[in-house]
Every structure is written in C-alpha cells, then in structure tokens.
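Since the structure comes first, as structure tokens, the remarks are kept for the end.
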Amino acid sequence: MSELILKPKGTNDVLPEESYRWQHLESVLRRAAADFGYREIRFPTFEYTELFVRGVGDTTDVVQKEMFTFTDRGGRSVTLRPEGTASAVRSYLENSLYGAGLPVKVFYIAPNFRGEQPQAGRYREFHQFGVEYLGSPCPAADAEVIGLYSDILDRLCIKNIRLEINSIGCPECRPAFHAALKEYFQSRRDRLCGSCIERMEKNPLRILDCKSPVCGEIAAGSPVGLDHLCGECRDHFEATKAMLDAMGIAYEINPKIVRGLDYYTRTVFEFVSGDLGAQSTVCGGGRYDGLIEALGGQSAPGLGFAAGLERMLLVMDAQGISIPKPEGCRIFIASLGAAADKPAQKLVNDLRKLGVKAERDTMGRGLKAQMKYADRLGAAFSMVIGDNELEKGRANIKDMATGSTFECFLSAEDIKNAVT
Ligand code: HAM
C-alpha cells in the first residue's frame with residue numbers, strides 16, 4: 001500500500017459530522033447581513049501580490065512574514081488572499097460599484113491564507129465573515145458596522161464577549177503620535193528586538209503588535225493615539241461613542257488597540273472572547289479612510305470588520321451552544337429477494353424527488369444487516385418489500401421510535417403522506 005498523503009500544516013477538514021455547524025453559522029451570518037442591508041461579494045482566492053503590499057502595508061507581519069506568494073506562469077507575483085478588505089476595495093474600484101450610489105455595503109464569507117504558526121484558533125487557512133461599508137464618513141456608519149456584529153452575537157446566543165474600541169487618528173494627527181512613539185521607543189532601543197528597531201524607523205505603530213514578550217512589556221507603557229487626536233478625529237470618536245450609547249451597545253475603550261494592518265484610520269475595534277485562549281479576538285475591524293485612494297481610486301472613506309468562523313465556532317462550542325442537527329433519514333426501504341430490488345430502488349428515487357429523505361441498501365446486505373444499517377442512519381420509519389408485499393401492492397411501515405406499524409400502498413405519494 002502506498003503512504004497516505006495528509007493535509008498541509010495549519011489547514012482543517014470540515015467533516016460531514018460537523019459541516020452542519022458551519023452551514024448553520026453561515027446561514028445566520030447571511031441572514032443578519034441581509035437584514036442590515038449588505039449584499040454578497042465574491043472575489044478571487046488569489047490576487048496580484050502588489051494589492052496586499054499596497055493595501056495591507058509593507059511593514060505589517062502579514063505582508064512581511066505570512067503571505068503565501070508565488071510566481072505564476074507568466075512571471076507575475078501572485079498571493080493567496082490573506083484578508084478580504086483589499087480584495088473588496090479592489091473589486092469596488094475595478095467594477096465601479098460606487099457608480100450606483102453610496103454607500104456600498106458588501107459582505108463576504110471566504111477562506112484566507114496566512115503562514116502563521118498554527119495553534120488553537122490560529123490556522124494557515126481560515127475563514128472570515130467580513131463586511132465593508134464604503135463611502136460614508138459619518139460616525140453613524142461606524143456605529144452601524146459595530147452594531148451588526150453585536151447583533152450577530154445575539155443571534156448566535158454567544159455571550160461573554162467584550163467590545164473594545166479605540167481611535168488611532170488620521171494622517172493629520174498621525175505624525176505627532178508617531179513622533180511620540182518614536183521618542184518613547186528610541187529611549188528604550190537597546191531592549192527592543194531587531195525587527196522592532198527597524199519598525200521604529202518605518203512605522204513605530206507596528207512595534208505594538210510585536211510578539212516578543214520584552215517588546216510587549218515596553219509597548220505596554222507607550223504613548224497612546226487617543227492623547228494625540230486632532231479635533232476632527234476626537235469629535236468623530238465622541239460621536240461614534242454617543243451613537244453606540246444610543247443603540248444600547250456596551251463597549252470599553254482600549255487605547256492599546258492598533259490592529260495589525262496598516263490601512264486603519266480613526267475608529268478601530270475588536271470583539272474579544274473570554275472563552276478562547278491566546279487567540280481571543282473573534283472579530284476585528286475599523287475605518288480605513290485612506291485605502292480606496294491608496295489602491296488607485298478617488299479619495300473616499302470606508303470601514304468594516306471581519307470575524308473568524310473557526311473562532312466563532314470555538315466560542316459556541318465552549319459555551320455549549322447547541323446547533324440544530326439536520327434531519328436524518330425519514331424512511332428506509334429494505335428489500336427481500338431479487339424481485340423487490342428494482343421496485344425498492346424506484347420507490348426510493350420517487351420519494352427523494354418528492355423531497356423525502358429516503359434510503360436503501362446498495363451494499364448487497366441481507367435483511368438483518370439492512371435493518372442495522374437503517375438504525376445507523378437514524379431512520380424515522382422503515383418498510384420491508386418482499387414478494388408478498390409486491391403481490392399485495394402494500395407494505396407495513398414501522399415507526400422506528402415506537403415500534404408501531406401501519407399499512408401503506410407502495411406508492412411514493414402515499415408513503416410520503418404517511419411519514420411526513
Ligand atoms: P484581522 O484582525 O486580521 O482583520 O482578522 C479578523 C479576524 O479573522 C480575527 O479577529 C480572527 O477572528 C480571524 N483570523 C485572523 N487570522 C486568523 C488565523 N490565522 N486563524 C484563524 N482566524 C484568524 C482583517 O482581516 C481585516 N480585513 C478586517 C477588516 C475588514 N477591517 C476592515 N474591514
């Protein structure tokens with residue numbers, strides 16, 4: 001026998017026994033997105049590398065260390081999508097979605113790829129539900145986007161999640177904040193790791209995401225963006241908070257949130273779970289008022305969030321939230337003797353066409369083994385067709401839970417009426 005080939009590190013199979021959980025989650029997400037006025041967008045799984053270098057930022061860990069990048073046959077560098085925002089904005093510009101009027105509200109459920117060290121809740125292929133709200137500069141849009149994820153948590157009955165918000169300013173106030181960060185880190189330069197010394201020159205904000213414990217300890221005492229906001233950013237943050245208050249959405253201000261991607265401006269937020277280990281952020285997002293322009297469009301604001309489906313399912317698991325299992329086999333039709341083989345096959349086929357989950361044996365099993373199989377399928381009803389039943393044109397249907405039986409004609413319509 002040849003050796004088995006296993007899945008790549010950091011990827012997951014969703015097995016038939018668990019795929020219903022994904023389907024449930026996705027249907028709740030789709031429904032909520034539709035209720036909040038978002039329409040689905042689908043984009044390619046890979047894009048030209050430059051999109052992410054320019055969109056996500058060349059000083060981020062995602063771009064520097066985590067992208068799955070390769071050269072295509074035409075010699076162009078392409079990258080498996082590490083996140084959806086850059087793709088959504090690219091598509092918005094390429095297809096002039098703004099032409100139909102603003103705002104443009106899109107959502108996606110899509111796999112993403114990052115070459116991170118896998119652990120519980122962190123994978124190399126993972127799935128995000130994301131929304132992008134393009135065109136609105138108003139705090140109401142910030143509150144609306146946050147409100148959608150807050151509602152999704154309610155719809156999924158997920159509890160014990162903290163909403164943390166912050167503002168990281170705009171290009172007007174960013175230089176002063178960067179200068180303050182640089183000054184702070186410069187005086188502690190000898191304790192920073194090599195990458196952070198580089199980050200200090202290029203983008204000191206990125207030091208705040210360094211995974212080294214020493215850098216983390218130093219970063220804990222660093223200046224915060226909220227102390228350096230310009231008047232307009234401060235007003236925007238206050239108005240966003242007031243709108244959240246009006247909507248009854250509880251939040252905490254966490255001045256340390258900076259997010260790991262370069263495109264953010266002003267509001268940034270994270271929904272953090274107390275039920276996950278180190279990978280506790282279930283959803284993250286914020287405003288990116290400079291991204292559309294950076295990707296070649298006319299300057300326009302935007303914002304959004306993405307939530308990891310794997311992490312949401314982990315939280316639901318940890319909280320024992322039960323997800324309705326799909327209905328199993330409705331009726332199992334066993335056959336006894338060669339003459340019953342074709343009529344049984346036809347009945348099963350006709351029942352399925354009528355929308356009844358019908359099953360039969362296709363393994364050549366004897367009657368006893370067929371009934372065992374019916375049990376394994378969890379069939380609600382069963383029926384045995386043999387020579388007698390064929391002659392009478394009727395057979396007994398057995399209710400598998402109670403053991404009671406009743407007679408029925410061998411017609412798909414009659415059987416359907418009897419078992420549904
Ligand atoms: P992000 O914070 O990089 O933001 O990812 C958002 C969410 O995706 C995380 O909170 C987490 O639930 C999930 N996630 C990220 N990386 C992994 C991983 N390696 N394994 C499992 N789950 C993961 C973004 O991607 C932005 N595009 C969000 C956004 C949309 N901002 C504005 N619009």
Side-chain angles (χ1 to χ4, degrees), residues 1-33 40 42 45 80 107-113 118-129 152 155-158 275-276 279 282 307-335 344-345 347-366 368-383 399-401 412 415-416 419-420:
M1 257 204 289
S2 16
E3 207 183 317
L4 281 180
I5 299 167
L6 305 180
K7 62 184 161 56
K9 186 172 168 183
T11 63
N12 293 297
D13 294 314
V14 177
L15 299 177
E17 298 87 73
E18 52 192 351
S19 54
Y20 76 95
R21 303 175 68 240
W22 285 74
Q23 288 162 3
H24 168 79
L25 175 58
E26 288 168 16
S27 76
V28 172
L29 294 170
R30 284 178 185 284
R31 183 64 214 258
E40 185 177 12
R42 299 190 186 198
T45 304
L80 295 183
F107 83 89
Y108 45 88
I109 296 179
N112 296 279
F113 305 86
Q119 54 173 262
R122 193 208 275 164
Y123 312 102
R124 292 188 172 173
E125 181 180 15
F126 60 97
H127 298 78
Q128 282 183 340
F129 165 74
I152 284 171
R155 290 182 190 223
L156 292 167
C157 304
I158 294 178
D275 292 297
L276 294 174
Q279 303 308 313
V282 184
L309 266 61
E310 288 85 355
R311 290 191 194 173
M312 275 191 261
L313 288 167
L314 282 172
V315 175
M316 289 170 78
D317 240 1
Q319 298 189 2
I321 295 169
S322 69
I323 295 174
K325 279 201 172 178
E327 219 188 90
C329 168
R330 198 71 198 150
I331 181 157
F332 185 88
I333 299 194
S335 57
Q345 184 70 41
L347 260 187
V348 165
N349 196 50
D350 289 349
L351 280 163
R352 287 172 177 169
K353 288 201 282 186
L354 293 175
V356 179
K357 288 186 178 164
E359 282 293 346
R360 73 176 297 245
D361 171 60
T362 57
M363 301 291 290
R365 295 179 170 103
K368 208 166 152 200
Q370 288 186 47
M371 296 319 290
K372 248 187 160 171
Y373 178 46
D375 271 340
R376 185 149 61 79
L377 291 175
F381 296 91
S382 69
M383 168 186 261
D399 182 325
M400 301 288 274
I415 297 174
K416 178 182 175 177
V419 302
T420 54

For [X], look at atom [atom1] and say whether over 12 heavy atoms of other residues, nucleotides or ligands are found less than 6.0 Å away.
{"X": "Arg365", "atom1": "CZ", "answer": "yes"}
{"X": "Arg31", "atom1": "CZ", "answer": "no"}
{"X": "Lys7", "atom1": "NZ", "answer": "yes"}

If I take atom [atom1] from residue [X] and atom [atom2] from residue [Y], how far apart are they, to the nearest 0.5 angstrom?
{"X": "Gln370", "Y": "Asp375", "atom1": "CD", "atom2": "CG", "answer": "12.5 Å"}
{"X": "Glu26", "Y": "Ile109", "atom1": "CD", "atom2": "CD1", "answer": "5.0 Å"}
{"X": "Leu314", "Y": "Leu276", "atom1": "CG", "atom2": "CG", "answer": "6.0 Å"}
{"X": "Gln128", "Y": "Met312", "atom1": "CD", "atom2": "CE", "answer": "9.5 Å"}
{"X": "Asn112", "Y": "Leu309", "atom1": "CG", "atom2": "CG", "answer": "10.5 Å"}
{"X": "Leu351", "Y": "Lys353", "atom1": "CG", "atom2": "NZ", "answer": "11.0 Å"}

For the residue pair Arg360 and Phe332, would you count it as a cation-pi contact if the rule is NZ or CZ under 6.0 angstrom from the ring centre and within 45 degrees of the ring axis?
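Ring-cation test returns no.
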
Stepwise, does the side chain to side chain contact (heavy atoms under 4.5 Å, CB included) test hold for Arg21 with Asp317?
CA-CA 10 Å; Arg21 303 175 68 240; Asp317 240 1; 3.2 Å; yes

Applying side chain to side chain contact (heavy atoms under 4.5 Å, CB included), run through Phe381 and Ile415 and close with a yes or a no.
CA-CA 10 Å; Phe381 296 91; Ile415 297 174; over 6 Å; no

Mind listing the closest non-hydrogen atom pair of [X] and [Y] along with its distance?
{"X": "Met371", "Y": "Ser382", "answer": "CE-OG, 3.4 Å"}
{"X": "Pro118", "Y": "Gly10", "answer": "CG-CA, 3.7 Å"}
{"X": "Met400", "Y": "Ala374", "answer": "CE-CB, 4.2 Å"}
{"X": "Ala33", "Y": "Phe107", "answer": "CB-CD2, 3.6 Å"}
{"X": "Ser19", "Y": "Val14", "answer": "CA-CG1, 3.7 Å"}
{"X": "Ala120", "Y": "Gln279", "answer": "O-CG, 3.5 Å"}

Would a distance-only check, ignoring hydrogens and angles, find a side-chain to backbone donor-acceptor pair under 3.5 Å from [X] to [Y]?
{"X": "Glu40", "Y": "Tyr108", "result": "no"}
{"X": "Arg124", "Y": "Phe113", "result": "no"}
{"X": "Asp361", "Y": "Gly364", "result": "yes"}
{"X": "Asp399", "Y": "Ala401", "result": "yes"}
{"X": "Arg330", "Y": "Ala379", "result": "no"}
{"X": "Asp350", "Y": "Val348", "result": "no"}
{"X": "Thr420", "Y": "Lys416", "result": "yes"}
{"X": "Lys357", "Y": "Glu327", "result": "yes"}

Just checking, any donor-acceptor pair under 3.5 angstrom between side chains of Gln319 and Asp275?
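Yes, a side-chain donor-acceptor pair sits under 3.5 Å.
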
Please report the C-alpha distance between Asn12 and Glu125 in whole Å, then the side-chain angles of each, then the deciding distance to 0.1 Å, and finally whether the side chain to side chain contact (heavy atoms under 4.5 Å, CB included) criterion is met.
CA-CA 8 Å; Asn12 293 297; Glu125 181 180 15; over 6 Å; no

Taking the basic N atoms (NZ, or NE/NH1/NH2) and the acidic carboxylate oxygens, is any pair closer than 4.0 Å for Lys325 and Glu17?
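Here Lys325 does not pair with Glu17 in a salt bridge, since their nearest N and O are not under 4.0 Å apart.
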
Run the side chain to side chain contact (heavy atoms under 4.5 Å, CB included) check on Leu156 and Ile321 step by step: do they pass?
CA-CA 8 Å; Leu156 292 167; Ile321 295 169; 5.8 Å; no

All ring-ring contact (aromatic ring centres under 6.0 Å, His included) counterparts of His127, not counting sequence neighbours
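His127 satisfies ring-ring contact (aromatic ring centres under 6.0 Å, His included) with Trp22 only.
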
